[in-house]
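Read through the structure below, which is laid out as structure tokens, and then see the notes.
Both backbone and side-chain heavy atoms feed into the values below; hydrogens, waters and symmetry mates do not. Just so it is clear, the model here is predicted, and its values are computed rather than measured.
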Amino acid sequence: MPELDDERAYLEKCRTAIRRMIDGAQNNVIIGEQVAGDRYSAERLGRHLKSLAKELSEAPDGPPFFGRLDFGPDAGDHSGHRYYIGRRHLSGDTGEQPVVIDWRAPVSRAFYKAGGRDPQGISVRRRFGWARNSVHLTGFEDEHLAKGQETGTASRLLTAEIERPRVGPMRDIVATIQPEQDELVRAVLEESICVQGAPGTGKTAVGLHRAAYLLYAHRRRLSRGGVLILGPNRAFLGYISAVLPALGEVDVEQTTMEHLLGRVEIRAADDDTTATIKHDVRMAAVLRRALYARIRRPAEPVSVPDGSYRWRVTEDQLRRIVDDTRREALPYGVGRERVLSRAVGLLQRQAEARGRMPGAIWTRKMGRAVVPFLDTVWPAVRPEEVVAGLLGDRAALAAAAKDTLTADEQDAIAWAKPPRSYKSARWSAADAVLIDEVAGLLERPQGYGHVIVDEAQDLSAMQCRAIARRSEHGSITVLGDLAQGTTPWAAREWHDSLTHFGKPGAEVIALTTGFRVPAAVVTIANRLLHALDVDVPATRSFRTDGRLQIREVPDLAAATVTAVREALSHEGSIGVIAADADLAPLTARLRAELGLDIAAPGDGDGRVTAVPAAMAKGLEYDHVVVAEPAAITESETRGMNRLYVVLTRAVSRLDILHTRPLPPGLVTDPMP
């Protein structure tokens, strides 16, 4: 096929361009470090060039392009031009246009937005097919948009890419981004958005690609604050870790809430009742009162000797300083410094009135002399000290929580046996959230230019406030699904969460087309929605494939082994999901009878992974075996929501095995 041969020849041209860019970047490292004007500039330039060379040489294997745009004669500046679209920019020879245009470039947007009704100046849009190792070009598919021809959901190559089996970490979706997803990806930096996305609708992929797009379009602005991605757990971060590097972005911080708030070691666990109270937004007011209750009204003047003089600040003057500073509502630590500087300022004015000319050494001396007074009226504190003082002292808790928490709620969060000091306290994960709240009252934390929060429906009001403090002057992308809320404090609607995030005006956009979850799985998941206390739209699947089997079995472990053995005859990853307490014996049986290395979530990229139900969120497997749904629903307060999460991890085939009666909503005729 001559045209295919031409495209393969162009592929070789792209590979030559990649090698040339790598060689050029490495040469620039050698030359660039020698041409900077000073040591600091040379160091910065060298670090940048080395990073670029390393990034290019370590770029993940994959096709250099996935699409082509041929513009017609009426396309303005692009008339008659042909552009290949890929994951990253590839330079052409000197004086030539790039051989591949970055998918984020303005001209590339037409690849995702153009259609038969609105061709946007494009005469032909071409999609390319690649062998599964993404090395060999196997074919292409043309849409003659200028003639109104558009394959849409009938695109053979688009469908094949979406349904392609996966083993290992999550892949990018640049070749399959849909118009409604593209709108979210390219939303302006200043705009905060909330994406309500059912399983398989690509909300996580949208968030990651939005990060890549914003860094491309606003690199200079975001270089100061950076981009932060928050995921629900380490396994999830491992799963998505390859996406941004594949798109050419490596300088993005990806972490979890626990690590973000990691001031203390977590050595204790709260019951649901206690944790829920600590995560309640009312605790913010309680903590503020507890902190500012440490401020005392000055009870005596300050007198400071200075050679033959003695400077004096009266009690009334000191009270005005403290009262004025409190009214300014500054962070506590800033307020303490303000009181110090104002007190020293009064001493300085007295000295100047006596003809003295105070310098920096004198000012520091006066500051040291005023510190004892400062420690009495506005003491320095650590956030851990404040929280320990609140939870370990029932009188202090009662004073701070008066008219805010009930007596029973105070009893629930008070420590039964307070530690000797905050240094020996056994902190829980919920305590870490309280400590971060106090830390935010003491001083403003590091801010980010943009924050992307995945699985946001599971965050409490206090966790949302922690994120808000870090995005006060930036924007935020909130990703989640109310139906997948599994924590006791999970959101049931988005408005309150967005308010706690500090973005009450953010628009909520629903994605309802499932691209990764097949129709057979979507159907049974939709059946569970009525049992969940949330109002979310049902999902429709882009795909018509998929297999669902629901089987009652006499021996759960034996049936699980059989199901996994059968799944191994198909291509793709396999996830065995069970209630956390039931997983260990199932995993041992699988290892013994199949002789395989059964991985844990985020641990390697083997064929079979044993997944505790509590860690299944955000993960995907081609074939999922769910063992004993009833045990999953009974294992936690929002067990039906957890089961909804578990069932929707399958992207090709789903086996549900049970020995006990099925939970409501799953009872249906077995499918062959």
Side-chain angles (χ1 to χ4, degrees), residues 1-22 24-25 55-56 59-73 75-115 119-146 149-151 155-158 160-161 171-179 182 185-186 209 212-213 216-217 246-249:
M1 185 177 178
E3 269 196 282
L4 185 57
D5 291 339
D6 290 343
E7 297 293 9
R8 286 171 175 161
Y10 196 84
L11 172 60
E12 289 307 313
K13 181 177 181 179
C14 292
R15 288 173 175 159
T16 300
I18 293 173
R19 290 191 293 268
R20 185 173 60 247
M21 288 176 66
I22 293 173
E55 179 186 326
L56 286 168
D61 292 334
F65 54 83
F66 53 81
R68 195 186 85 184
L69 295 177
D70 294 354
F71 282 89
D77 292 342
H78 302 298
S79 295
H81 283 277
R82 171 177 293 174
Y83 302 115
Y84 285 79
I85 311 300
R87 285 162 177 79
R88 61 186 309 153
H89 172 96
L90 296 181
S91 300
D93 291 330
T94 303
E96 291 185 357
Q97 72 175 34
V99 293
V100 175
I101 302 292
D102 194 299
W103 67 277
R104 297 167 290 185
V107 70
S108 301
R109 187 168 196 177
F111 183 81
Y112 304 106
K113 298 291 289 182
Q120 300 192 9
I122 297 172
S123 60
V124 179
R125 174 170 57 198
R126 175 169 289 183
R127 301 181 190 274
F128 294 96
W130 299 84
R132 289 202 173 110
N133 58 9
S134 297
V135 173
H136 300 292
L137 179 59
T138 58
F140 58 81
E141 181 180 80
D142 286 344
E143 298 171 283
H144 295 272
L145 302 183
Q149 298 176 8
E150 180 183 2
T151 56
S155 168
R156 173 181 53 84
L157 294 179
L158 180 65
E161 175 64 21
R171 302 189 304 262
D172 65 76
I173 62 166
V174 289
T176 61
I177 292 175
Q178 298 300 294
D182 186 69
V185 167
R186 297 176 193 263
H209 288 69
Y213 172 76
Y216 174 89
L247 300 174
E249 300 297 344

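- For K13, there are no side-chain hydrogen bond (donor to acceptor under 3.5 Å, both in side chains) partners, not counting sequence neighbours.
- With sequence neighbours excluded, the residues forming a ring-ring contact (aromatic ring centres under 6.0 Å, His included) with Y10 are Y84, listed by chain and number.
- The salt bridge (charged side-chain N to carboxylate O under 4.0 Å, His left out) search around D70 returns R68, R82, not counting sequence neighbours.
- For R126, the side-chain hydrogen bond (donor to acceptor under 3.5 Å, both in side chains) criterion is met by E3, E7, D142, not counting sequence neighbours.
- Not a single donor-acceptor pair under 3.5 Å links the side chain of S108 to the backbone N or O of R104.
- Taking CG of D102 as the start and OH of Y83 as the end, the distance is 14.5 Å to the nearest 0.5 Å.
- Heavy-atom minimum distance, W103 versus I177: CZ3-CD1, 4.1 Å.
- Scored by the salt bridge (charged side-chain N to carboxylate O under 4.0 Å, His left out) test, R87 finds D172 as partners (sequence neighbours excluded).
- Judged by distance alone, with hydrogens and angles left aside, the side-chain atoms of H89 form no donor-acceptor pair with the main-chain N or O of P98 at under 3.5 Å.
- Applying the ring-ring contact (aromatic ring centres under 6.0 Å, His included) test to F66 and every residue at least two apart in sequence or in another chain returns F111.
- A salt bridge links R109 with D182: the distance from a Lys NZ or Arg NE/NH1/NH2 to an Asp or Glu carboxylate oxygen falls below 4.0 Å.
- Note: H78 and H81 have perpendicular aromatic rings, judged against thresholds of 30 and 60 degrees for the angle between ring planes.
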